[in-house]
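Protein chains get the first letters and strands the later ones, always in sequence-line order, with residue 1 at the start of each. Keep in mind the model is a prediction, meaning the values are calculated, not measured.
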Protein chains: 2
Amino acid sequence: MVRDKSLCGSLNDEELITLNRIGRPRRLDRGETLVWAGDEALHCANLLSGVLKLSASTADGREQIVGLLYPSDFVGRPFAEEAEHSVTALTEVELCVFPRKPFEAALENHVRMERLLLRRTLAALDEARARMLMLGRKSAEEKVASFLLDMAVHLGCGKAAETEASFDLPLTRSQIADVLGLTIETVSRQMTKLKRDGLIGLPSGRQVTIRNRRALRERAEAAA
Amino acid sequence: MVRDKSLCGSLNDEELITLNRIGRPRRLDRGETLVWAGDEALHCANLLSGVLKLSASTADGREQIVGLLYPSDFVGRPFAEEAEHSVTALTEVELCVFPRKPFEAALENHVRMERLLLRRTLAALDEARARMLMLGRKSAEEKVASFLLDMAVHLGCGKAAETEASFDLPLTRSQIADVLGLTIETVSRQMTKLKRDGLIGLPSGRQVTIRNRRALRERAEAAA
DNA sequence: CGGGCCATTGATGCAATTCAACAGCCGTGG
DNA sequence: CCACGGCTGTTGAATTGCATCAATGGCCCG
């Protein structure tokens, strides 16, 4: 099913053979990191299952998560010698890893792959920019509300328009804070506020139930 | 000189002919906007001279500038029916505009153009993510210092390592605030602080002199 | 049972926003 | 020519949203 949307998917047989020749499966445990920012960029990959975080940090250790990757997402940065961001598993993760150089060569030889990657990169750029609006201009409450709605969508509890939805957050409070540019405490406080107001339920640590999607969307304000 | 780095540049003659057939020159005055967020995405373009801002805003009107475009940068979003961001001229601007559909067709037929666009998009994504770190994790002073250093680079006063550099900001204080996720007043205060401390000079409204690049870099903290 | 994590909650502090006043600059039109 | 209003930028005072500091409880695992 991942194959349908992934870079490997929607390739023809010949292209698939090429990719398979250079790709190797790999598993990561929760917390393991595949790439460290600043290291030589040796690999690209396709995410098959699980969730990855893409993070950057300041010289003095402040961290910002600059992207979350879900199954079928592309991992890595072709054409760069050095990795700009760290890539770390938030859950157990399965990848299909390609050494970067051969992968780049494959891109050159298979126009459809390159085309596909271009479209994904353009989409990723749109998403990054939407996040810039959130980081720069939203309040803590708006950030947390948007985040929860986002998670619901990505974890598959998205579409069911106005029914309740429950899911398990793959992130700790601290990681959520790093996504939103806040602190642990503020995230926690905003979540209990949303709970007090009946918009969400927090049965246990990582579990979230969206009780009133419409109202939550209102608190997320801003442009979708 | 723009041709050297632009999408049109580094194309061969046959490709150039194709582009020229579909592209038309266009001029924008300071403040004119080429594309409105939410409108149908009709055009792509190459920026020949001047500076453009790319901006997003919340439902209630808060604005965030999500990117600045300089000569030779690519403008627009191929393969999207609707524009996600507004594109507005910060200075007088010259563009080479392509209707989106024909441009997409040209991409399909000219692999090297597509390849070039992919690399640029990947670079833009890196830059957007660097900005996310800034928006989420830097203090007002760090933001302003980084911004000024950035501007120096983009306006060509960049390289001259440790000499003084002067330039004219193409942005008003309010626009700088929209880049940094701050308010006008905070930007103004931080700039006069940097001036008081002797790191920069502010001869007149829009003019800036970088007096001590090294110290300014220290205040910008974080990762470059 | 004890020691890590993780999350929540309260008290306090501070950086940035908000509200407000004012000065310089410019073009317009009396 | 100068008076005027609009726009940009600076500065001050008050306010506040979020960070910081600190304490506590739950949970898992050794």
Side-chain angles (χ1 to χ4, degrees), chain A residues 29-31 58 60-64 88 90-91 134-148 168-197 200-209 219 221-222, chain B residues 29-31 53 58 60-64 90-91 134-148 168-197 200-209 219 221-222:
Chain A
D29 279 331
R30 191 160 190 285
T58 63
D60 62 341
R62 287 167 282 173
E63 184 179 345
Q64 176 67 44
T88 309
L90 293 179
T91 64
M134 185 213 70
L135 286 169
R137 292 302 185 203
K138 287 198 192 179
S139 70
E141 182 178 53
E142 291 167 332
K143 285 178 178 181
V144 171
S146 321
F147 172 79
L148 292 175
D168 260 54
L169 288 171
L171 295 84
T172 66
R173 294 290 186 269
S174 159
Q175 287 162 343
I176 298 174
D178 287 340
V179 171
L180 302 179
L182 298 170
T183 59
I184 289 187
E185 296 97 323
T186 316
V187 171
S188 183
R189 277 186 248 273
Q190 294 302 331
M191 300 221 354
T192 70
K193 180 143 82 89
L194 292 175
K195 175 180 165 191
R196 263 203 315 274
D197 299 354
I200 63 172
L202 298 171
S204 77
R206 301 284 179 86
Q207 275 197 53
V208 179
T209 323
R219 304 243 182 154
E221 265 301 271
Chain B
D29 278 331
R30 190 160 191 284
K53 73 170 184 178
T58 65
D60 62 342
R62 287 167 281 174
E63 183 179 347
Q64 176 68 45
L90 293 180
T91 64
M134 184 215 67
L135 287 170
R137 292 301 186 204
K138 287 199 194 176
S139 70
E141 181 178 53
E142 292 168 330
K143 286 178 177 180
V144 171
S146 322
F147 172 79
L148 291 175
D168 259 55
L169 288 171
L171 296 83
T172 67
R173 294 292 187 267
S174 160
Q175 288 162 342
I176 297 174
D178 287 340
V179 170
L180 302 179
L182 298 170
T183 58
I184 288 187
E185 296 95 325
T186 326
V187 171
S188 182
R189 278 186 249 273
Q190 294 301 333
M191 300 218 0
T192 70
K193 180 143 82 88
L194 292 175
K195 175 180 164 192
R196 262 203 315 275
D197 299 355
I200 63 172
L202 298 170
S204 79
R206 299 286 179 85
Q207 275 198 53
V208 179
T209 323
R219 305 244 182 152
E221 265 301 270

State plainly whether the residues D178(B) and K53(B) are in salt-bridge range, i.e. N to O under 4.0 Å. no
Rounded distance (Å) that lies between atom P of dG17(D) and atom NZ of K193(A): 9 Å
So which protein N/O to nucleotides 24-29 of chain D N/O distances come out below 3.5 Å?
none

Protein-nucleotide distance (I200(B), atom CD1; dG9(D), atom C1'), rounded to Å: 14 Å
Mind calculating the distance between CZ (R206(B)) and P (dT10(D)) to the nearest angstrom? 11 Å
Mind calculating the distance between CG (L180(A)) and C1' (dG17(D)) to the nearest angstrom? 16 Å
Report the distance from atom CG of D178(A) to atom C1' of dA19(D), rounded to the nearest whole Å. 14 Å
Quick tally for nucleotides 9-23 of chain C: nucleotides whose base has a protein heavy atom under 4.0 Å get B, sugar-phosphate-only ones S, the rest -, giving BBB----SBBB----
Roughly how many Å is it from CD1 in I176(A) to P in dC6(C), rounded to a whole number? 12 Å
Rounded to whole Å, CD of Q207(B) lies from C1' of dT8(D) at a distance of 16 Å
Please report how far the helix from dC1(C)-dG30(D) to dC26(C)-dG5(D) bends, comparing the axis fitted to its first five pairs with the axis fitted to its last five, to the nearest 10 degrees. 30°
The test is side chain to side chain contact (heavy atoms under 4.5 Å, CB included); show your working for Q64(A) and T58(A) and say whether it passes. CA-CA 8 Å; Q64(A) 176 67 44; T58(A) 63; over 6 Å; no
